[in-house]
Colleague: 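I have a structure here, written as structure tokens, and I will follow up with some questions on it.
Since the structure is predicted, the reported quantities are computational estimates derived from the model, not experimental observations. So you know, we letter chains A, B, ... as the sequences are listed, proteins then strands, and number each from 1.
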Amino acid sequence: MTPATAKSVAPGNRCPCDDVLKNCHHGLSIGNLRKAAIWRCLPLFLCMAQAGSVCGQEPSSPNAVTADPVLAFKTRDLGQVNEGYVELAWNEIKGTAEYQVIDDQDRIYYRGPQPQAFISGLDDGTFRYLVVAVDADGNILARATEPAIVEVAHWPLAQALALMIVGAIVFVAIAVTITLGALRSRHDGRASRGDRPAEEG
Amino acid sequence: MSLTVSIIAATHVLSPTAGYVMLAIFGVMWVGLGIWWGRRATSYDGFAVAGRNVGMALGTATAVATWITSNTTMLAPQFALQLGIWGAVAYSTASFGLFAFAPMSGRIRQLMPTGYTAVEFIRRRYGQLGAVPFLLISLFYAITWLISMSMAGGKLLEVLAGIPYPVGMTVVILVCVLYTLFGGMYAVIGTDFIQSLIILVGLVVVAIAVLTQVSVTDVYEKLGTNRPMLLSVLFPAALMALFNNMLFGFGEIFHSNVWWSRAFAMRDGVGPKAYLLGGLLWLPVPIVAGFLGLAAPALGIGISEPDTVGPLVAATLLGTGGALLVFVVVFCSLASSIDSLLAATSDLIVNDIVEPLVPFEVTDAAKRRWSVAAILFLGVMSWSVAYPNVGTLATVLFFAGPMVGSCIWPIIGGLYWRRASPEAAAAAMVSGTVFGLIAYFAIGWFVASLVGAAVSGIVFWVLLILKPADFDFRSLSEPEVRGVRLAHETPEEQREQLS
């Protein structure tokens, strides 16, 4: 399944509940609600109660089509990361068998049923990702229209090497201390038949 | 975390029925074996330190099993997935902690032939000035580790078999509490022996099976295209993590009563060899586990949560048989660490919190009863905190990195240098913790232990010169005298002061 076959989503058919849905991490299933912090989902119920009649109405235009599900990243601007890995998350789409995360060169970075992806090993640069929801028959249910953007700028190599050298010095100091201490302890133990431990200053 | 659990439940690789059956079989087996081995734990010495007569085979097995935690099966692949080849190497350096502790265990046994805990050593070596921060760090580390392992148990069982988190987490804690309760250190070390065999055989089978299905060349080529930094020799974060992880491991092993209690439990002369051999057996485990993490992107296995990459890749590649194997390995690694923590932390509570506070001589039978109460308390507390499954609690364990890193020098100095003073030890622990935590927030988790160990080392050495003590190591092998003793006082001088 290629992203090119995705159905277009009419931006105008966006339900006001979507923003709340994006912020409520637990979806609507009973099983999920059981584990969820209920108060976090409360705005969703209020939204459904108050705006449900609006959401459920047919569009006012007689030519409008039924709203397609909207797929969007929870955070689009992921800012700058220094370790080359990033976590992407998006809203769930009902009936999805698999989500696919692709970059702007159509390389697939994630395929799986969960609305969350972990991508690592990125070099310096700016990366843009899109997500597509696919059903069990391979049909595209929805695709994000706006990419998630992350800028990777690894820590300065000089800083990394400096800390590595500090670590090596600490390691060597510990190893030498233990080795000398153990040798002296053994020597002193032998000298006094094991009843007088080492006394080093 | 709630989100994670809810979504990964749909992708488990073993049927819930199979999971429940395995859970029942191994749960009953561990409890039965714990009761069987624990029948000798009639005295407190037997219960807390297995009669101080653990031999080479059991000693090595318990070192390996305890150090192969759920962190090894979850975090080692995560390290590789996050930090590439250096990440797997960095994780394997944790075995250096066992190598370094090998000679120290002999020294500990020599200095304190009747000792019980690490805090007891610090208290007698440095007085309350050193004991208070050390006890706080030890309890923080032990309790957060215990809770995070309990949570990991529930989470992994849900990932692998679809067993609901509360059920899996409860069963894991219940089984471990039961057999530790009945058998103490006898049961812990006995079950560790079988668990280590299962873990090592399981990992070898998984490694062989994965390597027959995955081409290393293919993994290399695909990573080079999509994830180039995972193969880079000059990956800055990974380079910083290399010694940080090693020092985290040093700090964990050097300070934790899990390892000290084993040093006290092993027969004279066994500790150094057992820890050395345990480290050698443990060394390749993170490399094998790490390869699973590196293979995931190349195999197109979508990873949502990096800490589940290892079990998911193994189970996905190896099918139902592999999933069963992974389930058993994971359950064994969880149990072998949780039981050790329950036993070692209950020793801390009895010997270093309750006993010093009571104004009368404590009998052996009373300490045995208190241990049972402490294990029950730890089990109930872990269950209560782990039940809501709040993900941020697991990340709290990473705060322990700089804390335990700052304990390295006070422990080494305390074991080998008579000039190491209480002031140096306390200042080293506090300064190392503070600066390590600053580094944690300013740079990242991958430098916190390194900074903590480096700063505490500098402070310790400076105060060693400016404010030296003159400690008599022979006092450690004598019966402990109640009350606060200054570091430079001999037990005789202290008795005179008290009288």
Colleague: For A/Tyr85 and A/Phe118, run ring-ring contact (aromatic ring centres under 6.0 Å, His included): C-alpha distance rounded to whole Å, both residues' side-chain angles, the deciding distance at 0.1 Å, then the answer.
Modeller: CA-CA 7 Å; A/Tyr85 54 78; A/Phe118 180 82; 5.6 Å; yes
Colleague: Using a cut-off of under 4.5 Å for heavy-atom pairs, which of B/Pro297, B/Ala453, B/Pro228 has the most such pairs with chain A?
Modeller: B/Pro228
Colleague: Could you tell me which of A/Leu180, A/Leu163, A/Ile178 has the largest number of non-hydrogen atom pairs under 4.5 Å with chain B?
Modeller: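 Option with the greatest count: A/Ile178.
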Colleague: Which answer fits B/Phe99, side chain, backbone, both or neither, if we ask what part of it has an atom under 4.5 Å from a heavy atom of chain A?
Modeller: neither
Colleague: Which atom names give the shortest non-hydrogen contact between B/Tyr220 and B/Leu231, and what distance separates them?
Modeller: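 Closest heavy-atom pair between B/Tyr220 and B/Leu231: O-CD1, 3.4 Å.
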Colleague: Answer with side chain, backbone, both or neither: which region of B/Leu81 has an atom nearer than 4.5 Å to a non-hydrogen atom of chain A?
Modeller: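 Interface part for B/Leu81: both.
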Colleague: If I compare all heavy atoms of A/Ile108 with all of A/Ile102, which pair ends up nearest, and what's the gap?
Modeller: CG1-CG2, 3.7 Å
Colleague: If we define contacts as heavy-atom pairs under 4.5 Å, which of A/Ala182, A/Pro156, A/Ala168 has the most with chain B?
Modeller: A/Ala168
Colleague: Measure A/Tyr99 against the heavy atoms of chain B and call it side chain, backbone, both or neither at under 4.5 Å.
Modeller: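 When you check distances to chain B, no heavy atom of A/Tyr99 falls under 4.5 Å.
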Colleague: Enter the distance from B/Gln110:CD to B/Asp268:CG here, rounded to the nearest 0.5 Å.
Modeller: 8.5 Å
Colleague: If you define the side chain from C-beta out and look only at heavy atoms, does anything of A/Phe127 sit under 4.5 Å from A/Asp104?
Modeller: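 No, every pair of side-chain atoms sits at 4.5 Å or beyond.
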Colleague: In terms of heavy-atom pairs under 4.5 Å with chain A, which of B/Pro468, B/Ser232, B/Gly302 leads?
Modeller: B/Gly302
Colleague: Among A/Ile174, A/Val166, A/Val170, A/Leu122, single out the residue with the greatest number of heavy-atom pairs under 4.5 Å to chain B.
Modeller: A/Ile174
Colleague: With a 4.5 Å cut-off on heavy-atom pairs, point out which of B/Leu242, B/Leu247, B/Leu234 contacts chain A the most.
Modeller: B/Leu234
Colleague: So, for B/Ala420 and B/Gly413, which heavy atoms are closest and what is the spacing to 0.1 Å?
Modeller: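 Heavy atoms of B/Ala420 and B/Gly413 come nearest at CB-O, 3.6 Å.
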Colleague: Between A/Leu161 and chain B, with a heavy-atom cut-off of 4.5 Å, which part of the residue counts as in contact: side chain, backbone, both or neither?
Modeller: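 Only the side chain of A/Leu161 comes within 4.5 Å of chain B.
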Colleague: For chain B, find which of A/Gly112, A/Ala117, A/Ser120 contributes the most heavy-atom pairs closer than 4.5 angstrom.
Modeller: A/Ser120
Colleague: Which atoms of A/Ala173 are under 4.5 Å from chain B, going by heavy atoms: the side chain, the backbone, both sets, or neither?
Modeller: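 For A/Ala173, heavy atoms of backbone and side chain both lie under 4.5 Å from chain B.
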Colleague: Are the side chains of A/Thr96 and A/Val134 in contact, using a 4.5 Å heavy-atom criterion?
Modeller: no
Colleague: With a 4.5 Å cut-off on heavy-atom pairs, point out which of B/Pro306, B/Gly457, B/Pro103 contacts chain A the most.
Modeller: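 Result: the option with the highest number of such pairs is B/Pro306.
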Colleague: Measuring from atom CZ of B/Phe121 to atom CD1 of B/Ile411, what distance do you get when rounded to the nearest 0.5 angstrom?
Modeller: 8.0 Å
Colleague: Do the side chains of B/Ser105 and B/Phe101 get nearer than 4.5 Å, heavy atoms only?
Modeller: yes
Colleague: Which one, A/Asp103, A/Val101, A/Asp123, A/Val152, leads in non-hydrogen pairs under 4.5 Å with chain B?
Modeller: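 The candidate making the most pairs under 4.5 Å is A/Asp123.
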